[in-house]
Structure formats: C-alpha cells, structure tokens
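The block underneath contains the structure these notes are about, expressed in structure tokens.
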Amino acid sequence: MKAKEKGLREIGEFGLIKRIRKWVNSSDPGLIQGIGDDVAVIEMGSKVLLVTTDILIEDIHFDRSWIDPFQLGRKALAVNLSDIASIGGTPKYFLISMGLPKNISLSFISSFYCGLKKEAKQFRVELVGGDTSLAQKIIINICLLGEGRRSDLLFRKGAKVGDDLFVSGTLGDAALGLKILKEKGKAKGSEGLIKKHLSPCPRIELGQAIAKHHLATAMIDISDGLLIDTSHLLEESGVGARIREDQIPLSGFYRKWVRSLSGNPLQFALSGGEDYELLFTSPCEMREKISPLARSFRIPITRIGEILPKKEGLHLIKKDGKAYSPSHLGFEHFK
Ligand code: ADP
Ligand code: MG
C-alpha cells in the first residue's frame, strides 16, 4: 500500500518553509542570505540590498471589529519594519499589494493609507508601488526594501556557546492584549496591553545601534513568540540555550491582568506572538555596553539566558532552579 502523503497539518508552516528552502536551493553568488532569515540580503556594490515581505489576511491575522483601518495601515508596515530591525538595517522603500472585497468603503481604504503614511513618515520609508485585486477577504502584502553595510548586519546564525541571550522590551503584552480583546472587548485598564497588539513599535533604531556597534553575534525579531523564535535562532546558529523564567521581562499591565486567568502565568510571554521585540546574543564582555544602550533608547534590555552547546537543546529554568524542556513552543500556521 502506498504510504499516505504528509500534509501541511503534519509539517506545519516551518516544515513547509524548510522544504521550499531545499527545493529552491539558490546558489546565486550575489545572494548573501536567501530563505531562512528575517530578511534576504543581496550584494549591491559597497552596500547590500535588504528585502523582506509579510502578509496579513483578514480573520487570520486581524479582525475588522477590533482594529481600525488607520491602525491596520500602521501595523501592516510595522511588522515588515521589524524584520529590517532584526538585521540592523535601514528601511528605505516599499510596495503594497492588496486583495479587497467589493463591499469595502472608500473611507476604510483612505484611513488605511493614512495609517500607512504615518508609519512610513515616522520611519522615513517611501511607498513606490504595489498591486490591487478583488478578493473574498482583505489581504495585505508589503514588500519592504532596505540597505545596510555587510560587515554590520546581524543574522539568525552567528550565536556562540557562552554568549548571553538578551531581549528588548517586555514580552507577552500583545498576546495577552489580543486575548482580552477577544474575550472582554476593550476592557477598562487593559489599554496598555491592547495597544501593544494593535500598534506594535518596530525597534529600528535599537537594531541599528546593536549592529553598528557590533554588540551582538546573532539577532531575530520576536514575531511568533519567544520560544519559537529563539528556536529559529538556535537552529540557524547550531547551538542550544537556557532561558531563566524569572528573568523574562514582564510589564506591570501583564502581571496585573494575567492574575485573573488560569494556566501558566508565563504562557503569553513564552509562546504568545506579535511582541516585535529584538532577541539577540552577545559575548559576555559586551555586558557593560548593553545597559547604556538600554538607557539611551529608554527601552529595557534584559539578559534572559545563555547559549549552550547544541546537544543541550532549548530548556527553561524555573524559579526553584528546576530545568525543563517546553513541550509547546508557540504559534505555527497549519498546525
Ligand atoms: P518572519 O517571521 O521573520 O517573517 P518567516 O518565518 O515568515 O519569517 O520566514 C522564514 C524564512 O522563510 C524567510 O527567509 C522567508 O523569506 C522564507 N519564506 C517564508 N515563506 C516562503 C515561501 N512561501 N516561499 C519562499 N520562502 C519563504
Ligand atoms: Mg522576523
């Protein structure tokens, strides 16, 4: 009997990307980094061209009853900017392609473009084109181009055994904000968390500073969740890591709201998506340079663990010192 062919449900989003990477297997000499990182990097004379793309689909990534078109425009660009931040590059130009149902009002689209323009102005990027088509639901795809100096850029690969593991900002706020939005609507006092979900702030300048001053060995942005994005960085670098649960940075809002929920209070910080914070690895001797960086950008930067040999895998240390391997890493499409 013929063996049953594996489906997307079994291999998941990341299993599919692994296969695509094998099928494509590009050997273009001008391609410094192809599939497998946050950004593709292409040789362009003295500088390198950075290219990244992300898709947002109605009822998968957003719900029109929670997010207004202005916020949606900002967020569509912000999630792409975050990928350029993760490599320490400078975003420059973008294209936007949209699938739109017939019943969308013109005022919805104009507010969307207002948000898009606001985000573009803040991060000094220019819209240069796109494509438009009829669709059953709203589909937004942005392709963002940027530039950088090859010697400064930070990839998912590059982490070394003994490096510290740092994260910017606080974790889990966006995922907890989304849960509150879904279950309670815009509940009083939850605005700080909901804002993190609806209006993420890409860490462009922080990423550039880390890259320019050569403070890190590898970097990724946390879009799918701390554990799953850490596992991507570990896989590309060929190393393992230990994360201390009591070091994971949590906001005051997070601590307050998570108390009313059942389950592991760290679940949103560990596996919730859409933080758009930076996760990076740094040699220990850089420690004294990291705190001034956090102060100058007014963004907390927290040492949450260290890089171990690959055979150690990824494990967490509980408050009582016990180590465990997480059974669930985070969100993945198709699974
Ligand atoms: P991120 O969360 O940072 O946007 P992804 O997990 O979406 O990263 O993608 C990881 C890598 O796989 C990137 O290099 C991306 O360009 C590539 N990739 C994702 N989907 C596809 C696809 N359908 N075809 C080719 N490459 C893809
Ligand atoms: Mg990314």
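Order of listing sets the numbers, starting from 1, for every ligand and every atom in it. It should be emphasised that the depicted structure is a prediction, and the values quoted were computed from it without experimental measurement.
- The nearest protein atom to atom 22 (C) of ligand 1, hydrogens excluded, is given as Ile20 CD1, 3.7 Å; this is a heavy-atom distance.
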Is there a side-chain contact (heavy atoms from CB on, under 4.5 Å) between Asp275 and Val167 once you walk through the steps?
-> CA-CA 11 Å; Asp275 288 316; Val167 71; over 6 Å; no
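- Heavy-atom proximity to Phe14, at under 4.0 Å, picks out these atoms of ligand 1: 6 (O).
- Among all non-hydrogen protein atoms, the one lying nearest atom 7 (O) of ligand 1 is Glu13 OE2, 4.2 Å.
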Please test Gln33 against Leu153 for side-chain contact (heavy atoms from CB on, under 4.5 Å), starting from the C-alpha separation and ending with a verdict.
-> CA-CA 11 Å; Gln33 174 67 58; Leu153 298 180; over 6 Å; no
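- The heavy atom nearest to atom 1 (P) of ligand 1, out of those in Arg21, Lys18, His232, Arg156, is found in Arg156.
- Between the side chain of Glu43 and the main chain of Pro29, no donor-acceptor pair closer than 3.5 Å is present.
- Of the candidates Glu119, Glu274, His61, Glu274 is the only one forming a side chain to side chain donor-acceptor pair (under 3.5 Å) with Lys75.
- For ligand 1, the atoms sitting less than 4.0 Å from at least one non-hydrogen atom of Asp38 are 3 (O), numbered in the order shown with element in parentheses.
- Taking 2.8 Å as the threshold, Asp229 does not count as a candidate ligand of the Mg ion (ligand 2), since none of its N, O or S atoms lies below it.
- Side-chain N or O atoms of Asp131 include none that pairs as donor or acceptor with a backbone N or O of Ser97 at under 3.5 Å.
- Of the protein's heavy atoms, Asp37 O, 4.0 Å lies nearest to atom 10 (C) of ligand 1.
- Listed by number with element, the atoms of ligand 1 under 4.0 Å from a non-hydrogen atom of Ile35 are 12 (O), 14 (O), 17 (C), 25 (C), 26 (N).
- Considering each of Val79, Leu16, Ile220, Ile17, the one bringing a non-hydrogen atom nearest atom 12 (O) of ligand 1 is Ile17.
- No more than 12 heavy atoms of other residues, nucleotides or ligands lie within 6.0 Å of CG in Leu106, so this atom counts as exposed by the packing criterion.
- Contacts between Val24 and ligand 1, counted as non-hydrogen atom pairs separated by less than 4.0 Å, are absent for every part of the residue.
- Put simply, the side chain of Ser237 never gets that close to the backbone of Leu234: no donor and acceptor are under 3.5 Å apart.
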